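No experiment lies behind these values; they were computed from the predicted model shown. Residue indices begin at 1 and follow the sequence shown. Whatever order the structure lists them in is the order used to number ligands and atoms, beginning at 1.
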Amino acid sequence: MQVDLLSSWRIGPVEIPTRVVLAPMAGVSVQAFRRQGRRFGAGLVCSEMVSCAGLEHRNERTLGYLRIASDEHPLAVQIFGSNPATMAEAARMVEAAGADLVDINFGCPVKKVTKTGAGATLLEDSARATAIVQAVADAVAVPVTVKMRRGVENGAQTCLELGPRLVEAGAASLTLHPRSARQMYTGEADHSLTAELVELVGVPVVASGDITSCARAQSVLATSGAAAVMVGRAAQGNPWAIREIAGDSDAEPSREEIVAELLLFVRETARELGEKRATSFLKKFYGWYLGRGRFPRQFKQELTQLGTLDEVEKRLLAAVAGAAFVLSRLEQEHAPAAEVELDLPISIYGGG
Ligand SMILES: Cc1cc2nc3c(=O)[nH]c(=O)nc-3n(C[C@H](O)[C@H](O)[C@H](O)COP(=O)(O)O)c2cc1C
């Protein structure tokens, strides 16, 4: 049976308008990415993982992750850490910043994170993991969700033991990326585990991993009973994938649309991160937008060599002049939204 991905669902009291969730991705999920995702049909977007220690120490860059635009809702902010009290305090800050959901990261396999006892390591410490969820759920009024991997070692099924305990501790939804931490991104996401988890818990489960097309989303939802799919890598530089996965439109974008979306992304990211940080941050996006056989490889490489974003804009518009018209329409329709005013020392963060 076909699932209507354009139908709404709920996490606690939070209504989510579609069944496509944009994945949290470190170094990718900036505000511009999330706003674009919402525009293309993601019902829920998520910040990249935010360090609770960074929030505790009022680290300026970390606090910048709490900048939320008014047109991003519903939005989850994801936090990571290993100390229940610090996580609870971070969750309070996330709630004050205007997030609709606080998501907890029990999936990050990267050493820098796991060696501090956070991320995927917590899959093997169920007492601490449940204590974190409980402390966070007690600290905030918004629903608390958890994103996890199947376990640490290959073949592990830890998520099936831990999942129900996290729900008991207060998790209102679970997202499962059914790869082990050891696997990183190799092999395949085994969504038969997602189906097993759905059977074990009474809260919505979101399926993450290898959702790259509408057909794949339909098959994972039908066979797992998950409430929604999460899309990560397929949406990098390719918001049209979100539209296709949602079953809304499989029209290929024109060259003008691609370049206009990239230019809007460049401008918004420069505003958000400041010109200097944005210049290096954006390099990987040129390949993502212009790849997939859409533009010659040499052109992508040329863009990454340019020293300023102004030069990047000029070069893109010289290649596809018609993009200027599409861009001005996009900018009119999607002017930067107001941000929630924060009582936090982030006034000089980013480009203003
Ligand atoms: C560059 C990158 C950064 C990621 N950062 C995060 C993160 O901050 N928090 C998280 O829970 N998952 C993170 N993930 C995992 C994704 O959210 C997702 O679960 C995973 O990529 C599988 O989905 P996909 O096949 O659709 O990409 C990241 C993945 C990538 C590729």
Side-chain angles (χ1 to χ4, degrees), residues 19-31 33-34 37 42 44-52 54 61-62 65-66 75-81 87 90 94 99 101-114 116 118-123 129 132 144-151 159 166 171 173-191 193-194 197 205-217 219-221 224 226 228-239 241-242 244-246 281-285 287-288:
R19 289 169 190 271
V20 180
V21 179
L22 193 60
M25 287 186 283
V28 177
S29 300
V30 290
Q31 196 181 98
F33 183 77
R34 304 188 308 250
L44 175 65
V45 296
C46 190
S47 76
E48 68 176 79
M49 56 181 196
V50 181
S51 157
C52 74
R61 191 177 277 202
T62 314
Y65 293 128
L66 300 189
L75 162 131
V77 169
Q78 187 185 70
I79 53 175
F80 73 96
M87 286 288 273
V94 164
L101 302 162
V102 177
D103 190 54
I104 301 177
N105 180 312
F106 288 165
C108 182
V110 176
K111 226 196 186 126
K112 203 169 110 191
V113 169
T114 54
T116 67
T121 311
L122 286 159
L123 296 169
I132 288 173
V144 172
T145 59
V146 174
K147 181 161 179 285
M148 59 183 172
R149 287 199 175 222
R150 64 183 292 164
C159 59
L166 299 178
S173 169
L174 301 174
T175 297
L176 180 63
H177 176 201
R179 281 187 172 89
S180 70
R182 290 264 175 276
Q183 268 182 292
M184 302 292 281
Y185 295 93
T186 62
E188 278 176 19
D190 177 2
H191 285 294
L193 276 178
T194 313
L197 183 64
V205 172
V206 179
S208 170
D210 306 339
I211 307 293
T212 51
S213 66
C214 184
R216 182 75 188 131
S219 121
V220 167
L221 288 177
S224 71
V229 289
M230 180 175 271
V231 181
R233 289 165 294 172
Q236 291 172 336
N238 195 20
I242 302 171
E244 193 272 335
I245 288 167
F281 172 89
L282 283 164
K283 285 188 194 297
K284 56 186 178 286
F285 282 88
W288 287 339

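- For the pair Lys284 and Phe281, the distance from NZ or CZ to the six-membered ring centre is under 6.0 Å and the angle to the ring normal is within 45 degrees.
- Taking any N or O of Ala26, backbone or side chain, at least one lies under 3.5 Å from an N or O belonging to ligand 1.
- Not a single N or O atom of Ile211, backbone or side chain, sits closer than 3.5 Å to an N or O atom of ligand 1.
- Only the side chain of His177 comes within 4.0 Å of ligand 1, judged by heavy-atom distances.
- Counting only non-hydrogen atoms, the option in Gln236, Arg233, Arg149, Met184 that gets closest to atom 24 (P) of ligand 1 is Arg233.
- Checked against a 3.5 angstrom limit, the closest N/O atoms of Met49 and ligand 1 fall inside it.
- A donor-acceptor contact shorter than 3.5 Å is absent between the side chain of Ser180 and the backbone of Gly151.
- Heavy atoms from both the backbone and the side chain of Met25 come within less than 4.0 Å of ligand 1.
- Close N/O approach between Ser208 and ligand 1 is found [any backbone or side-chain N/O within under 3.5 Å].
- With a heavy-atom cut-off of 4.0 Å, Asp210 touches ligand 1 through backbone and side chain alike.
- Nearest protein neighbour of atom 10 (C) of ligand 1, counting heavy atoms only, is Lys147 NZ, 3.4 Å.
- When only interatomic distances are considered, the shortest N/O to N/O separation between Val28 and ligand 1 does not fall below 3.5 Å.
- Closest non-hydrogen pair, Thr194 versus Ala207, comes out as CG2-CB, 3.9 Å.
- When each atom of ligand 1 is checked for a heavy atom of Ala23 under 4.0 Å away, the hits are 17 (O).
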